[in-house]
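All values reported here derive from a predicted model rather than from experimental measurement. Chain letters run A, B, ... following the sequence lines, proteins first and then strands; every chain starts at 1. Computed over heavy atoms, backbone and side chain alike; hydrogens, waters and symmetry mates excluded.
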Number of protein chains: 2
Amino acid sequence: MKRIERLSVYRRFLREIAGQEPSSVYSHELAEKTGTTPAQVRRDLMEIGFAGHTKKGYGISELIAAIGDYLDSPDGDPVALVGLGNLGRALLPFFADHHPKLKIVAAFDSDPRKAGRVICGCRCYPAAELEEVIRREKIRVAILTVPAAAARKAAERLTAAGVRGILNFAPALIRLPKAVTVETMDITIALEKIAFFARRSPDEG
Amino acid sequence: MKRIERLSVYRRFLREIAGQEPSSVYSHELAEKTGTTPAQVRRDLMEIGFAGHTKKGYGISELIAAIGDYLDSPDGDPVALVGLGNLGRALLPFFADHHPKLKIVAAFDSDPRKAGRVICGCRCYPAAELEEVIRREKIRVAILTVPAAAARKAAERLTAAGVRGILNFAPALIRLPKAVTVETMDITIALEKIAFFARRSPDEG
DNA sequence: GCTTGTGAATCTCTTCACAGCG
DNA sequence: CGCTGTGAAGAGATTCACAAGC
């Protein structure tokens with residue numbers, strides 16, 4: 001659901017301005033800074049049961065906490081990264097520092113020479129140990145950056161080992177039981193779409 | 001619009017099976033292989049004005065051509081890559097070989113030591129030459145892989161130089177005239193969303 | 001005047017269901 | 001039959017618009 005994404009975006013902005021004065025924001029400010037509309041902001045916050053104050057808006061620190069209660073697992077979620085090619089290695093630093101709740105705790109690659117290394121604080125394992133490590137670390141979220149031909153099987157192994165959400169970068173259709181959330185980020189398709197709209201766009205506008 | 005993405009997906013699958021027998025597919029086969037429904041496939045093809053044959057389905061090579069006519073620029077689109085950090089460098093090989101119509105022809109980075117190099121067949125320029133190269137090469141599509149703090153300004157410079165579509169990987173809101181298509185692929189937000197749904201998913205399903 | 005909260009209207013996208021055809 | 005093409009219905013998401021409160 002798109003609401004979940006917007007809540008993440010709201011929170012990112014709120015964290016930037018937390019601690020400053022004033023200590024609250026209006027729906028129109030939040031909308032302006034996150035690329036949506038005031039009505040949408042109010043509807044989203046209503047939906048998660050967060051109430052503002054007439055005339056004062058929404059308390060910033062309270063709202064950050066409320067979005068956290070709604071979105072986050074209390075103890076954070078350990079994440080697996082499967083596939084240490086160019087893209088996989090590029091993604092590691094994204095989560096090495098930044099994210100308080102999502103931490104990549106294990107990486108896997110079919111190339112056994114990568115096993116045992118530690119990249120950006122993340123331990124690398126051979127693909128054969130995938131199920132064992134996923135179970136041991138109770139990992140339920142995975143990022144898939146293997147080649148398209150290997151994506152389906154990797155996704156099935158992850159699911160069998162207990163993973164319930166997969167962020168897939170491989171240009172491949174992954175069909176899993178609907179209890180597993182799969183989101184595919186297909187760079188080629190996104191670029192084709194953008195090129196399509198760019199082409200029908202006026203030269204000056 | 002989502003239809004554009006689905007057309008890309010259809011085409012990718014059709015190319016895989018092109019040249020094999022039979023030379024046509026049914027809407028239910030195409031739907032099955034691309035993760036949608038037969039009615040959706042028929043609606044999408046209707047929308048681009050492609051007609052099938054009752055009982056025989058849709059001619060594969062004709063459909064590939066029709067989708068190409070609809071989606072692609074006849075001569076292909078030159079693409080710029082802005083930001084040669086980990087992610088930017090990881091994306092170059094994606095388009096170096098594969099794509100017949102989208103080719104990264106120029107890369108930019110604020111680090112002048114990267115200028116002049118050629119990575120994956122793509123020439124690197126200093127950031128200062130951005131406008132000049134974009135105009136010279138008539139680039140209208142760009143991939144943005146700079147840090148979040150630099151994203152907005154880079155996007156504005158690209159737009160001023162003639163770019164009309166941006167695939168943005170920076171976790172930043174980019175606001176541009178609506179004639180410019182911006183698609184943000186925000187990995188952190190995608191992962192937060194997946195973790196959210198994974199958490200409410202049953203352990204066995 | 002300014003806000004928020006929200007029912008109702010609207011817009012967009014998807015699916016149904018069936019006529020028409022081979 | 002089993003298929004496509006499509007009007008009509010349905011489902012979801014967004015926006016409108018206004019009551020209520022400061």
Side-chain angles (χ1 to χ4, degrees), chain A residues 1-10 14 17 21-64 66-67 70 173 175 178 181 183-184 189 193 196-197 200, chain B residues 1-10 14 17 21-64 66-67 70 173 175 178 181 183-184 189 193 196-197 200:
Chain A
M1 213 204 312
K2 287 242 204 76
R3 170 161 300 122
I4 306 302
E5 294 177 25
R6 284 194 303 265
L7 288 167
S8 285
V9 175
Y10 300 156
L14 291 168
I17 62 167
E21 283 302 318
S23 63
S24 52
V25 272
Y26 299 125
S27 59
H28 68 255
E29 298 173 313
L30 202 39
E32 157 80 12
K33 296 298 189 175
T34 59
T36 179
T37 63
Q40 185 80 81
V41 169
R42 296 203 298 276
R43 173 78 52 185
D44 287 340
L45 301 192
M46 186 189 95
E47 215 72 32
I48 67 167
F50 186 80
H53 309 275
T54 318
K55 193 72 179 162
K56 276 178 49 190
Y58 301 91
I60 293 172
S61 55
E62 295 86 341
L63 181 49
I64 292 174
I67 294 176
Y70 189 79
L173 174 66
R175 201 193 316 279
K178 65 180 173 314
T181 304
E183 168 117 350
T184 295
I189 284 168
K193 184 171 85 172
F196 173 82
F197 288 112
R200 20 206 84 198
Chain B
M1 211 203 314
K2 288 242 203 78
R3 170 162 299 122
I4 307 301
E5 296 178 24
R6 283 194 303 266
L7 288 168
S8 285
V9 176
Y10 300 155
L14 292 168
I17 61 166
E21 284 302 318
S23 63
S24 52
V25 273
Y26 299 123
S27 61
H28 63 88
E29 297 172 313
L30 201 40
E32 156 80 11
K33 296 298 189 176
T34 59
T36 181
T37 63
Q40 186 79 82
V41 169
R42 296 202 299 276
R43 173 77 53 184
D44 287 340
L45 302 192
M46 186 189 94
E47 215 73 30
I48 67 168
F50 186 80
H53 309 273
T54 317
K55 192 74 177 160
K56 275 178 52 188
Y58 301 91
I60 292 173
S61 55
E62 294 87 342
L63 180 49
I64 292 174
I67 294 176
Y70 189 79
L173 174 65
R175 201 193 318 278
K178 63 181 174 314
T181 303
E183 168 117 348
T184 294
I189 284 169
K193 185 171 86 172
F196 173 83
F197 288 112
R200 17 206 87 199

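With contacts defined as side-chain heavy-atom distances shorter than 4.5 Å, the pair B/Phe197/A/Met1 qualifies.
Proximity of A/Lys2 to the phosphate of D/dT14: a side-chain N or O atom is located under 4.0 Å from OP1 or OP2. For the OP1/OP2 pair of D/dC22 and a distance below 4.0 Å, the side-chain nitrogens and oxygens of A/His53 include no atom meeting the criterion.
Heavy-atom nearest nucleotides on DNA chain D were determined for A/Thr36 and for B/Lys55, and the one closer to the 5' end corresponds to B/Lys55. Nearest-nucleotide mapping onto DNA chain D: of A/Arg6 and A/Arg42, the residue sitting toward the 5' end is A/Arg6. Position along DNA chain C of the nearest nucleotide to A/Thr54 versus A/Ala39 favours A/Thr54 as the more 5'-ward residue.
Atom P of nucleotide D/dG5 and atom NE2 of B/His28 are separated by 14 Å, given to the nearest angstrom. To the nearest angstrom, P of D/dG5 lies 12 Å from CG of B/Leu30. Protein atom CG of A/Leu45 is 11 Å distant from nucleotide atom C1' of C/dG5, rounded to whole Å. Here the P atom of nucleotide C/dC13 and the CE atom of A/Met1 are 18 Å apart, to the nearest Å. C/dC13 atom P lies 11 Å from atom CD of B/Glu5, rounded to whole Å. The interatomic distance linking B/Tyr58 (OH) with D/dC3 (P) rounds to 12 Å, in whole Å. We find that CZ of A/Phe50 is positioned 9 Å from P of C/dG5, with the value rounded to whole Å. Residue B/Glu47 contributes atom CD, which lies 12 Å from atom P of D/dG5 at whole-angstrom precision.
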Legend entry - Check against side-chain contact (heavy atoms from CB on, under 4.5 Å), B/Leu173 and A/Lys33: CA-CA 8 Å; B/Leu173 174 65; A/Lys33 296 298 189 175; 5.6 Å; no
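Between B/Phe196 and A/Tyr70, the ring center distance clears the sub-6.0 Å criterion.
Among the atoms of the strands shown, none is found under 4.0 Å from any heavy atom of B/Lys56.
Set against D/dA13, C/dT3, C/dT14, the side chain of B/Gln40 has C/dT14 as its closest nucleotide. For A/Tyr26, taking side-chain heavy atoms from C-beta onward, the closest of the listed nucleotides D/dG5, C/dT4, D/dC3 is C/dT4.
Closest of all the heavy-atom pairs between B/Phe50 and B/Ala66 is CD1-CB, 3.4 Å.
At a cut-off of 3.5 angstrom, counting only N and O atoms as typed in the model, there is a donor on one side and an acceptor on the other between the side-chain of B/Arg43 and the base of D/dG7.
Under a 4.0 Å N-O distance rule, the pair A/Glu32/B/Arg175 qualifies as a salt bridge.
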